[in-house]
Protein chains: 2
Amino acid sequence: MTEHAHDAHHGSGHGHHAHRGGDVEASLERAAATCLARGAQLTELRRQVLRLVLESGQPIGAYALLDRLRGERRGAAPPTVYRALDFLMEQGLIHKIERLNAFVGCAEEPGHGHTHAHPHPHQFLICGRCGSTAEVCDEGVAHAVAGAAARLGFVVHRTTVEVEGICAHCASADATAG
Amino acid sequence: MTEHAHDAHHGSGHGHHAHRGGDVEASLERAAATCLARGAQLTELRRQVLRLVLESGQPIGAYALLDRLRGERRGAAPPTVYRALDFLMEQGLIHKIERLNAFVGCAEEPGHGHTHAHPHPHQFLICGRCGSTAEVCDEGVAHAVAGAAARLGFVVHRTTVEVEGICAHCASADATAG
DNA sequence: GGTCATGATGATACACTATATCATGGTGGC
DNA sequence: GCCACCATGATATAGTGTATCATCATGACC
Ligand SMILES: [Zn+2]
Ligand SMILES: [Zn+2]
Ligand SMILES: [Zn+2]
Ligand SMILES: [Zn+2]
């Protein structure tokens, strides 16, 4: 998980290994193209922060990012990283997981209808056992939320859906081990 | 809002008025009965915190609660209120709104199938204009989330759904005023 | 060229949110 | 009495997020 729902499991509870380098580079290239097309400035700083988020391969906190950012940018301070994160969220390049106060790269594959489309509907599955997270994009959930809100005359801007539970990997391990 | 979806609007952006005293008292009585039946100890401290949450009539932060709690309990400290809040959440008497780092009394009416049933499915609508919040309990949303998770072999424990947007009241005000 | 508005970053300080840890005291079983 | 269990008191610290002002680059405009 932590990459996409059908991926093999690799979350924060286990390997801590990052994306393969090529994945990150490709994502950065796509991000740059998206921002260019949109007139948004993916500056060097913002690109560095995005790279760090992607390289972590798991939800990462703002201050952990700050520590790493200081490796390449001494004097970086909390606002440095928070401003970059705000930009990246506005562009849909990363998401914040509220329950974890942490940030992850958007796992949406290009060509699934929306390519980093502004705020795309998404949900997070968070495993309480291994800490892995999976971003999913279930239209049924998005539709149900939109419907419930509309029935109350509520105009939806953004939706946060975060499910805590046990991932398939851990569940099968449980079933085997007892 | 802030009470139930069909209520007249009264959120943090406007009146700041609390529930009517009777509502709070009735809720406290129901909470006491629920805890008693369940073998959970709704102590004086926990009851005080619950009362403060209910009286605020809107999402309220832990430290705002702490300030008020000190009126009746000098020497109260952060752990005092956080421990009470943890208990109240476990009992389903209050909910935390993650996006706001704030707490609200559960608006679920008694007799809607689950009476403070342990973790009941719920969603929050948060108005970005006036700050009001509404707790809703849409079965369609809960079902869609459960289905999406089940298709991935994910076992759901708790679900957080928080929708940010414009409430019906503010939307109609916008339509009128331009 | 000079002026100005805009937006990004630097830099400092601060506010807000939450938990760890150990001590104290009450309640009830045995 | 003794002990296990739980709730609370009390202190300290960790973690997360903003406010504010200064500086600098860019590009529009005259
Ligand atoms: Zn995404
Ligand atoms: Zn897992
Ligand atoms: Zn509720
Ligand atoms: Zn509103």
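Each chain gets a letter, A, B and so on, in the order its sequence line appears, and its residues count up from 1. Quantities reported herein were computed from a predicted structural model and do not represent experimental measurements.
- Rounded to whole Å, atom C1' of D:dT16 lies 17 Å from atom CZ of A:Arg99.
- Positionally, the nearest nucleotide of DNA chain D for B:Glu44 lies more toward the 5' end than for the other of B:Ala77 and B:Glu44.
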Below 3.5 Å is the cut-off: list the nitrogen or oxygen pairs between protein and nucleotides 15-22 of chain C, distance only.
unit_1: C:dA18; atom_1: OP1; unit_2: B:Lys96; atom_2: NZ; d: 2.4
unit_1: C:dA18; atom_1: OP2; unit_2: B:Tyr82; atom_2: OH; d: 2.9
unit_1: C:dA18; atom_1: O5'; unit_2: B:Tyr82; atom_2: OH; d: 3.4
unit_1: C:dA18; atom_1: N7; unit_2: B:Tyr63; atom_2: OH; d: 2.5
unit_1: C:dA18; atom_1: N6; unit_2: B:Tyr63; atom_2: OH; d: 3.2

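- If you chain together hydrophobic residues whose side chains sit under 4.5 Å apart, B:Val24 and B:Val81 fall into the same group.
- Clustering ILVMFWY residues whenever any of their side-chain heavy atoms sit less than 4.5 angstrom apart, transitively, puts A:Val163 in a cluster other than the one holding B:Val155.
- Take A:Phe124 and apply the ring-ring contact (aromatic ring centres under 6.0 Å, His included) test, not counting sequence neighbours, and it matches A:His95, A:His122.
- Residue contacts shown for B:Arg73 are limited to sugar-phosphate atoms, with no base heavy atom under 4.0 Å away.
- Residue A:Leu69 contributes atom CG, which lies 15 Å from atom C1' of C:dA11 at whole-angstrom precision.
- Every salt bridge (Lys or Arg N to Asp or Glu O under 4.0 Å) that A:Glu164 has, sequence neighbours left out, goes to A:Arg99, B:Arg158.
- Distance, A:Leu45 CG to D:dC24 P: 17 Å, rounded to whole Å.
- Of all heavy-atom pairs between B:Phe87 and B:Cys35, the closest is CZ-SG, 4.2 Å.
- With D:dA7, D:dG9, D:dT11 as the candidates, the nucleotide lying closest to the side chain of B:Gln41 is D:dA7.
- Residues B:Cys106 and B:Leu93 fail the side-chain proximity criterion, which asks for heavy atoms closer than 4.5 Å.
- A:Leu65 has its CG atom 15 Å from the P atom of D:dG15, to the nearest Å.
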